[in-house]
Amino acid sequence: MLHTEPERLTQEIRSLGERFGKDRAALIPTLQEIQRRYRGISPLAMQIVADMLDIHPVEVDSVVSFYSFLDAKPKGRYVIRLCRTISCDMQGKERVARQLENDLGITFGQTTADGNFTLEWANCLGMCDQGPALLINEKVYTRVTPEAVHGILEECRQAFGLHALQAEQEHAA
Amino acid sequence: MKAAHQGPLTFAKVQADTGLKTALNKTRAEVIAEISASGLKGRGGAGFPTGVKWNLAAAARADQKYVVCNADEGEPGTFKDRVILLEHADLVLAGMTIGGYAIGATKGILYLRGEYAYLRPHLEDALARRRQQGLLGPGITGTKGFQFDIEMRMGSGAYVCGEETALIESLEGHRGEPRNRPPFPVDTGFFRQPTIVNNVETLAWVTCILAKGAEWFKGFGTDKSAGLKLFSVSGDCARPGVYEFPLGITVTALLKEVGGEGAKAVQIGGASGHCVPASQFGRKIAFEDVSTGGSIIIFGPQRDMLAIAHNFLDFFVEESCGQCTPCRMGNVKLREGVELLEQGKCSMAYLRELCALGETMQLASKCGLGQSSPNAFLSIVSNFKDEIMGRTAAGSSVR
């Protein structure tokens with residue numbers, strides 16, 4: 001049987017309801033899981049979650065917009081969060097930031113056109129004695145130098161087989 | 001992720017199970033009396049006496065009570081809770097269990113900040129192991145029907161959720177906006193039930209106090225600030241990392257230990273703390289003098305104090321929940337003021353107005369975030385006027 005996108009999403013979110021429960025306290029764990037799977041929480045997903053928890057979709061939207069790790073707009077496969085707080089600042093985060101922008105060809109707050117990388121600032125990552133620090137998805141990198149940036153990005157590309165993905169797309173084109 | 005501490009921690013020498021067993025062999029009232037006698041105060045920064053908090057929650061009548069471990073360590077310059085969770089998770093989990101026993105709760109929630117998601121598998125393993133050992137779950141070994149279990153919940157990148165009522169709002173599925181207090185969580189907490197919210201380090205000390213006794217703990221520190229404390233040290237020093245010192249240590253003594261002699265100022269207590277200039281390095285780090293949750297950021301002679309104030313205000317502008325006006329608007333105005341100072345375009349009259357605004361924010365903001373957000377700005381203005389006034393070009397001092 002052919003499932004339309006909304007039907008599939010509804011089913012998936014309902015199964016999250018089985019896992020996390022259907023009361024208001026389940027809202028954030030549910031949204032965190034949707035964010036992890038889809039890299040963002042679409043208006044449709046918000047509506048389905050609202051229906052399931054019996055709350056107004058604006059309530060869901062207000063929660064999504066409040067937390068910096070929840071996004072209405074989908075993020076890249078790899079979200080890079082560079083710490084900008086004072087200790088990392090004093091250890092040279094500005095130069096790491098410039099190099100990230102140079103190597104990715106985007107500025108902070110943007111996602112690369114291929115949807116692979118999003119570049120963001122983070123507030124204190126708790127790595128103050130080993131800065132500059134950055135977080136890529138859930139992995140932390142410490143004592144990052146401008147020179148190390150390229151290798152870190154390559155590590156991401158290889159871990160996800162992004163090179164293969166790219167070759168495939170080029171081949172298809 | 002790598003452990004980075006300097007010198008041995010007491011936590012490494014205490015068996016979590018010894019503390020838990022000692023607690024479970026006492027009555028609930030005796031456990032709370034032991035904690036009260038130790039003089040333990042909240043290690044997250046606010047310094048509320050733990051025994052008093054537990055007593056209030058224990059006295060509250062309710063069907064369900066909760067123990068929440070606040071692992072939303074977001075204060076700039078703080079990372080000791082990460083190290084504790086990584087290396088001494090059992091002390092923390094045992095401390096939560098002791099808290100559950102003491103106040104009569106069956107459920108604990110560990111609220112871990114989203115930025116520390118990489119610690120989650122490690123903590124889930126620790127929870128599973130404790131369940132297997134009968135230290136968590138239905139019917140904890142060696143007790144008559146005491147049951148307690150711990151669930152993990154993740155934060156989603158909001159500093160304000162470190163404030164206990166904002167954390168509870170977040171657990172309930174809302175925006176992390178602090179509540180009015182009173183009522184306090186000890187009577188109206190998670191789902192309006194009595195709830196104790198304690199910092200990671202506080203809970204680890206609870207286990208140590210039960211294992212080694214209140215008198216042992218009181219043997220360290222000062223009259224008003226008992227015990228040992230973990231410090232997260234970063235900035236311009238030879239040996240940054242996590243340290244353990246008794247409360248009451250002077251700034252000078254601390255700087256000597258970490259190789260930070262020659263500093264021109266030290267930020268104590270993170271972005272919401274105070275900037276202590278070299279002339280005041282004789283002051284004590286304790287609740288009665290300069291209070292801290294453990295964040296120590298050292299500024300060497302080359303640092304631009306105005307840039308530091310700017311960085312902290314960027315932080316607060318971003319992290320204010322926006323609920324109350326003094327914090328939401330005040331931090332934006334203070335940051336604009338810092339920008340004027342950077343351009344050398346701020347009159348003394350306007351600077352005085354900004355300081356008055358800062359004092360208003362301290363008085364009129366709803367929660368601790370807003371109340372403490374102007375602290376760094378105000379202490380930098382009052383201690384470094386000669387450095388910040390009359391600048392000739394952005395970022396460079398006229399000195």
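Nearest heavy atom pair, residue B:G77 against residue A:C128, reads CA-SG, 3.4 Å. Of all the heavy atoms in B:F191 and A:D23, the pair that sits closest is CZ-OD2, 4.5 Å. Counting all heavy atoms, side chain and backbone alike, B:M154 lies closest to A:Q32 at O-NE2, 2.9 Å.
Between A:P29 and B:R153, the closest side-chain pair of non-hydrogen atoms falls below 4.5 Å. Contact of the B:F79 side chain with the A:D129 side chain is registered, since non-hydrogen atoms from C-beta on lie closer than 4.5 Å. Using a 4.5 Å heavy-atom cutoff, the side chains of B:S170 and A:I28 are in contact.
For residues 80-111 of chain A, the interface with chain B (any heavy-atom pair closer than 4.5 Å) comprises A:R84, A:T85, A:I86, A:S87, A:D89, A:M90, sorted by residue number. By a heavy-atom distance cut of under 4.5 Å, A:S62, A:V63, A:S65, A:F66, A:Y67 are the residues of residues 54-67 of chain A near chain B, going up by number.
Only the side chain of B:V160 comes within contact range of chain A, with heavy atoms under 4.5 Å apart. For B:C237, no part sits under 4.5 Å from any heavy atom of chain A, backbone or side chain. Residue contact with chain A, scored on non-hydrogen atoms closer than 4.5 Å, is absent for B:Q267. Residue contact with chain A, scored on non-hydrogen atoms closer than 4.5 Å, involves the backbone and the side chain of B:I308 alike. Contacts between A:E138 and chain B at a heavy-atom distance below 4.5 Å involve backbone atoms as well as side-chain atoms.
With a 6.0 Å radius and a threshold of 12 heavy atoms from other residues, nucleotides or ligands, B:Q302 has its CD atom above the threshold. Enclosure of atom CZ in A:R37 by more than 12 non-hydrogen atoms of other residues, nucleotides or ligands within 6.0 angstrom is indicated.
From A:C124, atom SG reaches atom CZ of B:R113 across 6.0 Å, with rounding to the nearest 0.5 Å.
The choice from A:T30, A:L70, A:L27, A:N123 that makes the most heavy-atom pairs within less than 4.5 Å of chain B is A:N123. Across B:E172, B:E177, B:E73, the residue that shares the most heavy-atom pairs under 4.5 angstrom with chain A is B:E172. By number of non-hydrogen pairs under 4.5 angstrom with chain A, the leading residue of B:E115, B:R303, B:R175 is B:R175. The most heavy-atom pairs under 4.5 Å with chain A, out of B:G176, B:A117, B:G155, come from B:G176. Counting heavy-atom pairs under 4.5 Å between each of A:S68, A:A122, A:A26 and chain B puts A:S68 at the top.
For B:K65, there are no salt bridge (charged side-chain N to carboxylate O under 4.0 Å, His left out) partners, not counting sequence neighbours. Remark: B:D72 pairs with no residue by the side-chain hydrogen bond (donor to acceptor under 3.5 Å, both in side chains) rule, at least two apart or across chains.
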